Amino acid sequence: MLNKTETKVMSYIFAKCKGESKVLLTPKELLTALMPKIEITAKQLDVIMSNLVLDDYIEMEKGDKDGKTYFVVSLTMRGAAFARERQSQKKSRIQSILWKVALTVGGAVLAFLIGLMLNRLVGK
């Protein structure tokens, strides 16, 4: 499971790769795209990109040209299913929250009913 920063990076890569087999990205492009939401350094970006490769979301080749670093990125099968995976995670998170709310309400109702029964048994 990806953390928040990795998810933001992967979302950007997924959007750029849509309909293309490979895409060319620069670290500066990625950093500026993420900057309003998340502040990360170039070194942290390298670690995140390596983690995405290790988690089998992307295939990446790193290259230098004219003193600039480039990432040649392509999505793997898991990366292509990234949007579906996120949607599934959101659905399971919502179900988990609803289940907790239902248990809380059920517990409160049960406690109220037990209180009423005890009050009738012991009360005046």
Side-chain angles (χ1 to χ4, degrees):
M1 186 168 204
L2 300 176
N3 65 29
K4 183 180 177 181
T5 309
E6 290 171 340
T7 302
K8 296 289 184 187
V9 172
M10 187 60 203
S11 295
Y12 182 77
I13 292 171
F14 183 79
K16 289 296 253 184
C17 287
K18 203 148 195 163
E20 296 185 26
S21 60
K22 289 188 177 187
V23 72
L24 186 67
L25 301 169
T26 63
K28 184 178 180 182
E29 175 186 357
L30 282 167
L31 292 172
T32 55
L34 299 171
M35 207 46 89
K37 300 172 188 167
I38 298 172
E39 285 193 34
I40 58 174
T41 63
K43 194 172 261 191
Q44 290 171 328
L45 180 63
D46 284 339
V47 171
I48 290 169
M49 295 296 282
S50 298
N51 289 344
L52 291 175
V53 170
L54 288 174
D55 290 340
D56 198 34
Y57 282 97
I58 61 172
E59 291 177 354
M60 178 188 71
E61 297 173 24
K62 193 174 181 179
D64 291 322
K65 184 177 180 183
D66 299 329
K68 293 183 179 180
T69 304
Y70 292 95
F71 297 124
V72 179
V73 178
S74 61
L75 295 176
T76 60
M77 292 297 276
R78 187 171 183 189
F82 174 72
R84 196 172 121 228
E85 181 181 320
R86 281 191 67 202
Q87 189 176 30
S88 174
Q89 287 173 351
K90 283 181 183 178
K91 184 178 178 182
S92 71
R93 218 177 299 133
I94 289 171
Q95 287 175 343
S96 173
I97 290 170
L98 289 175
W99 179 248
K100 289 175 185 175
V101 168
L103 281 176
T104 303
V105 169
V109 168
L110 184 63
F112 177 74
L113 292 176
I114 290 174
L116 282 178
M117 289 184 342
L118 288 174
N119 192 18
R120 287 190 181 220
L121 289 174
V122 182
K124 298 176 185 175

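Since the model is a prediction, treat every value here as computed from it, not as a measurement.
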Trainee: Taking only residues two or more places apart in sequence or in another chain, which ones pass side chain to side chain donor-acceptor pair (under 3.5 Å) with T69?
Mentor: D64

Trainee: Aromatic rings F82 and Y57: how do their planes relate, parallel, tilted or perpendicular, breaks at 30° and 60°?
Mentor: perpendicular

Trainee: Side chains of residues 29-36: which donor-acceptor partners sit under 3.5 Å, not counting sequence neighbours?
Mentor:
unit_1 : atom_1 : unit_2 : atom_2 : d
E29    : OE2    : Y12    : OH     : 2.9
E29    : OE2    : K16    : NZ     : 3.4
T32    : OG1    : K28    : O      : 3.0
T32    : OG1    : E29    : O      : 3.0

Trainee: Which residue pairs satisfy the salt bridge (charged side-chain N to carboxylate O under 4.0 Å, His left out) criterion with at least one member in residues 4-13, sequence neighbours excluded?
Mentor: none

Trainee: Side-chain contact test, heavy atoms from C-beta onward, threshold under 4.5 Å: evaluate it for M10 versus L2 and give yes or no.
Mentor: yes

Trainee: Which heavy atom of S74 sits nearest to which heavy atom of S21, and what is that distance?
Mentor: CB-O, 3.1 Å

Trainee: Quick check: is Y70 connected to V23 through a chain of hydrophobic side chains (ILVMFWY, heavy atoms under 4.5 Å apart)?
Mentor: no

Trainee: So, applying side chain to side chain contact (heavy atoms under 4.5 Å, CB included) with V73, which one of M49, E59, E20 is it?
Mentor: M49

Trainee: Can you tell me which residue pairs pass the salt bridge (charged side-chain N to carboxylate O under 4.0 Å, His left out) test with a partner in residues 45-56, sequence neighbours excluded?
Mentor: D46-K62

Trainee: Among all residues two or more places apart in sequence or in another chain, which pass the side chain to side chain donor-acceptor pair (under 3.5 Å) test with T76?
Mentor: none

Trainee: I need the Q87 CD to R84 CZ distance, nearest 0.5 Å.
Mentor: 9.5 Å

Trainee: How is the hydrophobic cluster of I94 composed, in terms of its other members, when Ile, Leu, Val, Met, Phe, Trp and Tyr link through side-chain heavy atoms under 4.5 Å apart, directly or indirectly?
Mentor: L98

Trainee: Give a yes or no on whether V47 and V9 share a hydrophobic cluster (residues Ile, Leu, Val, Met, Phe, Trp, Tyr; joining criterion: side-chain heavy atoms under 4.5 Å apart).
Mentor: no

Trainee: Please tell me if the side chains of L45 and F71 come closer than 4.5 Å, counting only heavy atoms from C-beta onward.
Mentor: yes

Trainee: With clusters defined by side-chain heavy atoms of hydrophobic residues (ILVMFWY) lying less than 4.5 Å apart, directly or transitively, does I40 cluster with I58?
Mentor: yes

Trainee: Among pairs that include at least one residue of residues 94-107, which meet side-chain hydrogen bond (donor to acceptor under 3.5 Å, both in side chains), considering only residues two or more places apart or in two chains?
Mentor: none

Trainee: Tell me every residue that passes side-chain contact (heavy atoms from CB on, under 4.5 Å) with V72, counting only those two or more places apart in sequence or in another chain.
Mentor: K22, L24, E61

Trainee: Rounded to the nearest 0.5 Å, how far apart are CG of L110 and CG of L103?
Mentor: 11.5 Å

Trainee: Please report the C-alpha distance between N3 and I48 in whole Å, then the side-chain angles of each, then the deciding distance to 0.1 Å, and finally whether the side-chain contact (heavy atoms from CB on, under 4.5 Å) criterion is met.
Mentor: CA-CA 10 Å; N3 65 29; I48 290 169; 5.9 Å; no

Trainee: Restricting to side-chain contact (heavy atoms from CB on, under 4.5 Å), what partner residues turn up for R120, sequence neighbours left out?
Mentor: none

Trainee: Could I get the full list of side chain to side chain donor-acceptor pair (under 3.5 Å) partners for D66, not counting sequence neighbours?
Mentor: none

Trainee: Can you list the residues that meet the side-chain contact (heavy atoms from CB on, under 4.5 Å) rule with T41, with sequence neighbours excluded?
Mentor: K43, Q44

Trainee: CD1/I114 to CG/N119 distance, rounded to the nearest 0.5 angstrom?
Mentor: 13.5 Å

Trainee: Within this structure, what is the OG1-NZ distance for the pair T26 and K65, rounded to the nearest 0.5 Å?
Mentor: 13.5 Å

